[in-house]
Peer 1: 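Here it is, the structure in full.
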2 protein chains.
Amino acid sequence: MAGDTRARILESATDLFGIRGVDAVSLDTIAADVGVAKQTLLYWFESKDDLVQAVLVQTAGQLAVVIEAAIRASSDDPLDRIEAVVRAVFRPAVRRPSLLGLIGQVSRLAPEVAERFHDELRPLVHRAVVYLRVEMDRGRVRAGDPRLIAALCYATVTGVATEPEALRGVGWLPNTAELRRLRTELLAFLRAALTPAS
Amino acid sequence: MAGDTRARILESATDLFGIRGVDAVSLDTIAADVGVAKQTLLYWFESKDDLVQAVLVQTAGQLAVVIEAAIRASSDDPLDRIEAVVRAVFRPAVRRPSLLGLIGQVSRLAPEVAERFHDELRPLVHRAVVYLRVEMDRGRVRAGDPRLIAALCYATVTGVATEPEALRGVGWLPNTAELRRLRTELLAFLRAALTPAS
DNA sequence: ACATCTCTCTACCATATGGTAGAGAGATGT
DNA sequence: ACATCTCTCTACCATATGGTAGAGAGATGT
């Protein structure tokens with residue numbers, strides 16, 4: 001209880017920002033959710049932008065940890081490894097839509113905030129690109145521009161993970177069982193797209 | 001000039017909402033952009049929500065027209081036809097990011113507004129699903145749940161098309177030539193994912 | 001005992017924003 | 001000539017919101 005106020009603010013803000021949108025959530029709303037006064041938020045974070053940035057940096061950090069763990073635990077085969085990473089990213093994203101829901105908003109946030117987030121993501125992306133290039137050279141992943149292939153995988157996974165509501169809206173995803181089937185289909189889809197041409 | 005005020009408002013609002021975000025753009029901003037007083041906006045649209053809804057409905061309508069045209073002009077082969085549709089959707093999305101930029105915001109808008117947009121999109125989705133099912137039965141598209149495959153294609157294309165800024169942020173897309181290469185890679189990616197297993 | 005640091009509170013404010021009230025200019029129908 | 005309709009304007013307001021001012025309670029170091 002004592003000393004964890006900052007962490008509780010971050011957690012609450014992550015969920016609220018991710019689900020309702022950064023602009024739609026006021027400091028008062030977050031404060032009420034955490035159970036403190038608004039000024040307490042402004043003691044811990046200089047401004048709302050500062051809070052948004054902290055949320056994004058933390059989220060990126062958690063994503064990185066999850067991905068690292070998935071990579072270490074996976075087999076050497078690149079398609080299996082990619083599947084493991086996608087599963088790892090998809091799991092928290094489905095349980096807690098806010099995590100990836102934030103990502104869809106980044107490009108519309110204050111430039112410095114967005115930049116700070118991208119700083120955090122860049123090393124991850126760089127590693128993925130290098131990895132893809134190596135495996136393409138080995139012929140274990142379908143040839144192509146590794147940067148663009150990485151971008152496509154990223155777009156597909158975040159597209160699916162960040163917009164469950166949008167997909168629900170047009171009648172695609174009535175429940176979580178359906179969501180699991182979507183994940184399965186996504187993995188087959190990516191595998192087919194990445195398997196080297198015989 | 002006379003009588004086109006409503007259309008000019010819609011066009012300006014589409015761009016501003018799509019690029020900066022619905023919440024970040026005030027009625028005053030739009031009015032200044034169009035060159036009229038704010039009240040003029042409120043003469044043509046009951047409220048900001050009403051304007052947002054009109055923008056979304058128009059956007060969905062334009063997408064539908066573009067897609068219909070692409071389908072009619074394409075060959076009978078399903079992979080070619082899908083490629084034609086993706087090209088058709090991608091083109092205006094790249095030239096005018098606002099068009100698809102809006103889509104990423106739908107799930108966070110007022111429920112009635114989002115619902116109205118989904119109403120517009122549903123028939124398109126339904127057609128796509130029916131089409132995929134038929135071609136899967138014929139063995140001309142890789143087997144799978146047609147609804148989920150449609151969802152994946154949708155997620156991939158919108159993911160790529162709506163987040164050029166995000167992709168740019170992590171160092172992927174410095175210019176339009178790169179964007180064209182991304183489109184080419186996207187088409188190969190989708191083709192590989194949808195080609196029936198031999 | 002005192003000073004300092006950590007943390008949270010109440011009270012308040014300036015500004016932005018969606019929306020209202022109501023007038024009026026010009027075109028069109030009868 | 002008059003009424004009505006279309007369209008746009010100025011002036012104004014209520015509210016939400018990010019942020020400031022400044023106090024004070026409790027813990028910790030010397």
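In what follows, every heavy atom counts, from backbone to side chain, and hydrogens, waters and symmetry copies are set aside.
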Peer 1: Classify every nucleotide of nucleotides 9-25 of chain C by which part a protein heavy atom approaches to under 4.0 Å, writing B for the base, S for the sugar-phosphate alone and - for neither, in 5'-to-3' order.
Peer 2: BB------SBBBB----
Peer 1: Taking the side chain from R8(B) and the backbone from V34(B), do they hold a donor-acceptor pair closer than 3.5 Å?
Peer 2: yes
Peer 1: Report the C-alpha distance between E185(B) and R147(A) in whole Å, list the side-chain angles of each, state the deciding distance to 0.1 Å, and finish with yes or no for salt bridge (charged side-chain N to carboxylate O under 4.0 Å, His left out).
Peer 2: CA-CA 10 Å; E185(B) 201 76 65; R147(A) 281 178 318 130; over 6 Å; no
Peer 1: Please determine if a side-chain N or O atom of W44(B) lies less than 4.0 Å away from the OP1 or OP2 oxygen of dT6(D).
Peer 2: no
Peer 1: Rounded to the nearest 0.5 Å, how far does CD1 of I82(A) lie from CG of L194(A)?
Peer 2: 5.0 Å
Peer 1: With distance as the sole test, does R20(A) use its side chain to make a donor-acceptor pair with the main-chain N or O of R108(B) at under 3.5 Å?
Peer 2: no
Peer 1: Would you please confirm or rule out a distance under 4.0 Å between OP1 or OP2 of dT8(C) and any side-chain N or O of T5(A)?
Peer 2: yes
Peer 1: Nearest whole Å is fine: how far is dT8(C) C1' from D4(A) CG?
Peer 2: 14 Å
Peer 1: Answer yes or no: is there a donor N or O on one side and an acceptor on the other, between the side chain of H126(B) and the main chain of R122(B), under 3.5 Å?
Peer 2: no
Peer 1: Who pairs with D15(B) by side-chain contact (heavy atoms from CB on, under 4.5 Å), at least two apart in sequence or on another chain?
Peer 2: R96(B), S98(B)
Peer 1: Name the pairing partner of dG29(D), where a pair is Watson-Crick or G-U wobble with both distances under 3.5 Å, or state none.
Peer 2: dC2(C)
Peer 1: Just name whichever nucleotide pairs with dA23(D), Watson-Crick or G-U, keeping both distances under 3.5 Å, else none.
Peer 2: dT8(C)
